[in-house]
Amino acid sequence: MIEWNAATIKDFQHTLLDWYDQEGRDLPWRHDHEPYHVWVSEIMLQQTQVQTVIPYYERFMDWFPTVADLANAPEARLLKAWEGLGYYSRVRNMQRCAQQLLADYDGQWPQTAAGLEALVGIGPYTAGAIASIAFNQPVPAVDGNAYRVFSRLLKIDDDIAKPQTRQVFEQAITRIMPHDRPGDFNQAIMDLGSSYMTARQPDTAHSPVKRFNQAYLDGQELAYPVKTKKPRPKPVAYVAVLAQMGDQWLMVQRPSTGMLGNLWTVPLIKVDELDLEEDASTADLLAAVTAYFKREYRLILTAKMLKLRPVTHTFTHQKWTIQLIGGQVQPADLAYFAGKGVLLAELDQLPMPKVQEKIFNRANVH
DNA sequence: GAGCCGTGGGG
DNA sequence: TCCCCAAGGCT
């Protein structure tokens with residue numbers, strides 16, 4: 001068994017940081033330690049891979065170079081910058097945080113993890129990352145990489161799906177991390193976790209820290225980390241109504257709470273909410289959709305079933321199957337309609353989720 | 001504490 | 001097709 005005494009810890013720190021100095025990745029947000037840059041990158045990287053984030057980060061810095069630019073941006077522009085990244089509340093919380101910084105903090109970032117965690121959208125991981133990288137505070141940044149790396153090194157078998165496990169890792173990492181280069185240490189762990197110490201196919205034989213990896217030395221690497229699995233996505237049936245009013249498409253904005261908050265789609269109706277009988281026919285479905293339009297929007301819809309394969313889209317815990325309906329509405333007063341008519345050429349100005357892109361593609365709307 | 005909240009990639 | 005994973009936070 002590896003004994004993590006003071007000498008081992010020093011050895012590990014130097015081995016890891018020497019490797020990081022040689023092999024650490026050159027990423028756009030590592031060009032300086034500006035808290036704004038660190039913050040934006042960390043929020044984007046939540047549950048999202050580096051290669052996905054890079055182009056989004058570059059464009060975001062182009063559009064919103066400072067905290068003030070972000071605080072004052074129109075929300076549609078903000079969501080457009082985030083379109084396709086997912087977890088859209090992240091960017092709305094970022095704007096709230098930016099406004100909070102300007103209003104209540106005189107534009108000055110708190111420099112401690114506890115102070116940062118008080119801000120909207122910044123949890124324990126992101127607070128640790130910003131505090132260590134931007135402000136040189138010796139605090140851990142416990143993300144999926146840190147869980148994986150240290151569970152293997154130290155053979156910690158607490159379930160990382162449980163919130164209470166975080167403190168076990170925070171204590172262990174706090175004891176091991178150096179006080180002179182905490183930000184580099186935390187980032188080195190992330191680079192390690194995404195290269196040699198991946199979840200599925202680790203290459204520990206070539207890892208710079210393999211001699212510190214107790215799970216590897218015991219041939220039990222793939223048993224770590226211990227994590228209970230999540231339930232499968234629940235199937236949900238929808239109809240999407242591709243309705244034209246003259247040369248405009250009817251688009252609705254989703255509510256600010258819940259899935260895909262404030263993004264735009266064609267009217268999406270949960271089939272459950274149409275109160276259909278079990279043996280309902282296609283005609284029954286179309287009649288129910290027409291009634292829905294009249295009731296909810298005060299619009300007269302002429303609907304027809306589109307002979308297209310349903311669109312399927314899987315979210316973290318819902319799997320949508322979406323039957324497509326085409327139709328036209330009579331030119332009308334849209335006062336009761338929770339959306340607007342949009343010309344085809346203007347559609348790309350609305351922030352839309354991926355599922356909407358799939359719907360338009362299936363219906364050949366371009 | 002458990003459920004909610006997106007998307008892309010790999011096996 | 002399905003499952004799991006990827007720099008989590010909020011309620």
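Lettering follows sequence order; numbering is per chain, from 1.
Once rounded to the nearest 0.5 Å, the distance linking OH of Y57(A) with CE of M44(A) reads 8.5 Å. A distance of 8.5 Å separates CG of L347(A) from CH2 of W249(A), quoted to the nearest 0.5 Å. Between atom CD1 of residue I322(A) and atom NZ of residue K270(A) there is a gap of 12.0 Å, rounded to the nearest 0.5 Å.
Cation-pi geometry between R77(A) and W63(A) is met: under 6.0 angstrom from the ring centre, within 45 degrees of the axis.
Backbone-only engagement by K319(A) is indicated by non-hydrogen atom pairs under 4.0 Å involving sugar-phosphate atoms exclusively. At a threshold of 4.0 angstrom between heavy atoms, the contacts of G261(A) with the nucleic acid are absent. Residue-level contact check: Q318(A) touches the backbone only, with heavy atoms under 4.0 Å from sugar-phosphate atoms and none from bases.
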remark   = Going 5' to 3' through nucleotides 4-11 of chain C and flagging B where a protein heavy-atom sits under 4.0 Å of the base, S where only the sugar-phosphate is that close, and - otherwise, we get BSBBBSS-
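Nucleotides dA6(C) and dC5(B), compared at atom P, are 23 Å apart to the nearest Å. A gap of 24 Å separates the P atoms of dA7(C) and dG3(B), to the nearest Å.
With the nearest nucleotide of DNA chain B identified for both Q201(A) and K354(A), K354(A) has the one nearer the 5' end. Heavy-atom nearest nucleotides on DNA chain B were determined for P231(A) and for Y88(A), and the one closer to the 5' end corresponds to P231(A).
For DNA chain B, the span of nucleotides reached by chain A at under 4.0 Å from its heavy atoms goes, 5' to 3', from dG1(B) to dG11(B).
Around OH of Y336(A), the count of heavy atoms belonging to other residues, nucleotides or ligands within 6.0 Å does not exceed 12.
With hydrogens and angles left out, the side-chain atoms of T8(A) and N5(A) include a donor and acceptor closer than 3.5 Å.
For Q99(A) (side chain) and A71(A) (main-chain N/O), a donor-acceptor pair under 3.5 Å exists by modelled atom type.
The hydrophobic cluster around L334(A) extends to V239(A), V241(A), M245(A), L250(A), V252(A), I269(A), V271(A), L274(A), L276(A), L285(A), L286(A), V289(A), Y292(A), F293(A), Y297(A), L299(A), L301(A), M305(A), I325(A), V329(A), F337(A), counting ILVMFWY residues whose side-chain heavy atoms fall within less than 4.5 Å of a member.
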